[in-house]
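For ligands, and for the atoms within them, numbers begin at 1 and follow the listed sequence. Predicted model only: the values in this text are computed from it and were never measured.
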Amino acid sequence: MPAMTMTKIPILDLSTEIDTLWAPITEAVQRVLRSGQFILGPEVKAFEDEAADYLGAKHAVGCNSGTDALVIALRALGVSPGDEVITTSFSFIASAEGISMVGATPVLVDIEPQTFNLDPAAIEAKITPRTKAIIPVHLFGQAADMDAITDIAARHELKILEDTAQAFGGTFNGKKLGTIGDVGAFSFFPTKNLGAYGDGGLIATNDDHVADLARMLRVHGSKKRYHNEIEGYNSRLDALQAAILRVKLPHVDEWNALRRAAADRYDALLAEVPGVVTPHRAPGCPGPPGCEHVFHQYTVRITNGRRDAVAERMSDAGVGTMIYYPVPIHRLPVYQHLVFDDLPFTDQACAEVLSLPMWPQIDEATQRAVTEALTDALR
Ligand SMILES: *Cc1c(COP(=O)(O)O)cnc(C)c1O
């Protein structure tokens with residue numbers, strides 16, 4: 001191959017965002033430095049109020065990460081050792097790890113191949129007398145089928161914890177994701193749709209009791225300092241991260257709309273490319289503003305066993321891609337002591353998915369270069 005001057009395209013580029021928000025971010029950071037209050041405190045309280053207001057939830061409780069939000073939410077829902085919790089195997093490890101960290105057993109089920117989200121029929125088939133909760137994961141920014149899941153949970157008296165780490169601002173039937181079930185867990189990991197500049201997480205709920213418990217659990221199980229009532233965690237949101245998130249929160253709808261526009265451009269650019277399946281928008285959802293995909297990832301399928309070769313060729317061409325996820329949770333070494341059903345749609349997704357560069361400000365020329373590299377790689 002001849003040497004070319006090539007501009008590398010990363011999978012994610014946050015530089016425009018930080019340039020645009022440099023002044024308010026540095027102002028917010030300086031305000032926190034001057035305040036001398038670095039953990040919880042008024043900045044975190046203000047962010048929690050603004051996030052609750054944005055989400056339309058009664059309570060928002062900041063914590064240290066999305067993973068901690070899942071653990072704390074499960075504890076607050078009363079999930080304990082011996083219980084079973086059903087979730088999808090096609091997710092980040094944290095969706096299942098939260099369950100095992102509270103001593104319960106993850107029961108991993110298959111996905112709907114088109115949306116990559118957990119299949120309601122598969123949930124129903126795995127319910128036992130020990131089942132306590134369901135964790136739908138709104139993967140890549142698209143809602144799981146919350147009508148069907150809510151119906152199953154009601155009929156079997158199960159709790160719903162929405163793993164909304166990838167879908168901040170997404171909606172289903174006009175409601176913000178993470179506020180439809182009993183509790184929602186959010187992550188502010190820097191790459192997420194609302195990202196901090198470090199770790200952070202949030203628990204959202206309309207249930208006063210769950211919110212009270214979550215507030216206690218994040219500070220070692222105490223309401224009053226040094227009067228600990230239950231065993232908890234050190235999982236507090238930093239004031240610096242809260243101040244940064246307060247600057248970013250008012251932009252999140254605009255950023256999500258830009259992601260959708262970028263997804264539409266990819267759809268058009270890839271419509272005629274054989275061997276590429278573009279993301280499917282969930283059926284039965286009335287569409288914006290009632291049901292908005294927020295495209296945390298733009299994830300295609302590369303069929304015919306060519307995915308790994310395509311990813312490698314794109315990388316050689318200077319285009320960053322990612323495989324979310326190469327190994328399903330039920331095949332991870334950590335869970336080999338558990339017995340799982342065959343999950344063929346999950347296995348197939350892991351073999352075929354490829355996430356393309358996606359961020360709110362990605363422009364058409366960049367996307368054209370990505371799709372050209374993808375088309376070349378398939379030749
Ligand atoms: C990122 C993520 C998490 C964990 O969030 P952290 O803040 O990194 O702990 C959980 N679930 C899903 C689906 C995620 O994508």
Side-chain angles (χ1 to χ4, degrees), residues 11-12 14 47 51 60-75 85-102 106 108-109 111 115-118 133-144 146 149 160-170 177-178 181 183-204 214 217-218 233-238 240-242 244-245 248 256 259 293-299 322-330 332 334-335 346 349-350 353 355 358-359:
I11 176 110
L12 172 67
L14 296 173
F47 172 66
V61 182
C63 65
N64 197 260
S65 69
T67 304
D68 281 7
L70 288 164
V71 170
I72 290 171
L74 286 167
R75 286 278 308 276
V85 178
I86 300 175
T87 192
T88 163
S89 185
F90 190 53
S91 183
F92 181 55
I93 174 71
S95 307
E97 202 180 24
I99 301 167
S100 32
M101 291 307 283
V102 305
L108 301 175
V109 302
I111 53 170
T115 62
F116 301 117
N117 278 322
L118 88 177
I134 305 168
I135 304 184
V137 180
H138 304 303
L139 202 73
F140 304 144
Q142 173 155 252
M146 292 306 292
I149 293 167
I160 299 176
L161 161 56
E162 297 175 68
D163 182 339
T164 322
Q166 302 190 2
F168 194 99
L177 299 179
V183 49
F186 296 84
S187 165
F188 303 125
F189 187 78
T191 61
K192 308 283 165 141
N193 288 38
L194 177 62
Y197 295 150
D199 275 313
L202 188 87
I203 295 137
L217 286 164
R218 73 174 169 180
Y233 310 92
N234 171 3
S235 184
R236 303 163 299 206
L237 185 60
D238 290 355
L240 276 169
Q241 300 307 337
I244 290 161
L245 289 165
K248 296 178 79 174
N256 284 339
R259 286 173 181 271
H293 195 320
V294 292
F295 285 98
H296 173 61
Q297 298 297 336
Y298 184 89
T299 302
M322 286 292 277
I323 295 165
Y324 303 111
Y325 296 89
V327 183
I329 299 175
H330 74 287
L332 289 174
V334 59
Y335 285 133
T346 298
C350 289
V353 288
S355 295
M358 170 56 85
W359 61 91

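G201 does not count as a contact of ligand 1, since none of its heavy atoms falls under 4.0 Å from the ligand. The shortest heavy-atom distance from K192 to ligand 1 is under 4.0 Å.
Distance alone, capped at 3.5 Å, places no donor-acceptor pair between the S65 side chain and the G201 backbone. Judged by distance alone, the side chain of R259 and the main-chain N or O of F295 form a donor-acceptor pair under 3.5 Å. Side chain of E162 to main chain of G178: a donor-acceptor pair is present (N/O by atom type, distance under 3.5 Å, no hydrogens or angles).
In summary, the atoms of ligand 1 found under 4.0 Å from a heavy atom of A165, numbered by their order in the structure, are 2 (C), 3 (C), 10 (C), 11 (N), 12 (C), 14 (C), 15 (O). For ligand 1, the atoms lying closer than 4.0 Å to a non-hydrogen atom of V137 are 13 (C).
Between atom 10 (C) of ligand 1 and the options A96, A94, S65, the minimum heavy-atom separation is to A94. If you check each of D163, T191, N64, D68 against atom 11 (N) of ligand 1, the one with the closest non-hydrogen atom is D163.
Below 3.5 Å of separation, one finds an N or O of S187 facing an N or O of ligand 1. The shortest N/O to N/O separation between T67 and ligand 1 falls below 3.5 Å. Considering backbone and side-chain atoms alike, D199 places every N or O at 3.5 Å or more from each N or O of ligand 1.
One distance of note links OH of Y197 with CG of L14; it measures 7.0 Å at 0.5 Å rounding.
Between F188 and F47, the distance from one ring center to the other falls under 6.0 angstrom.
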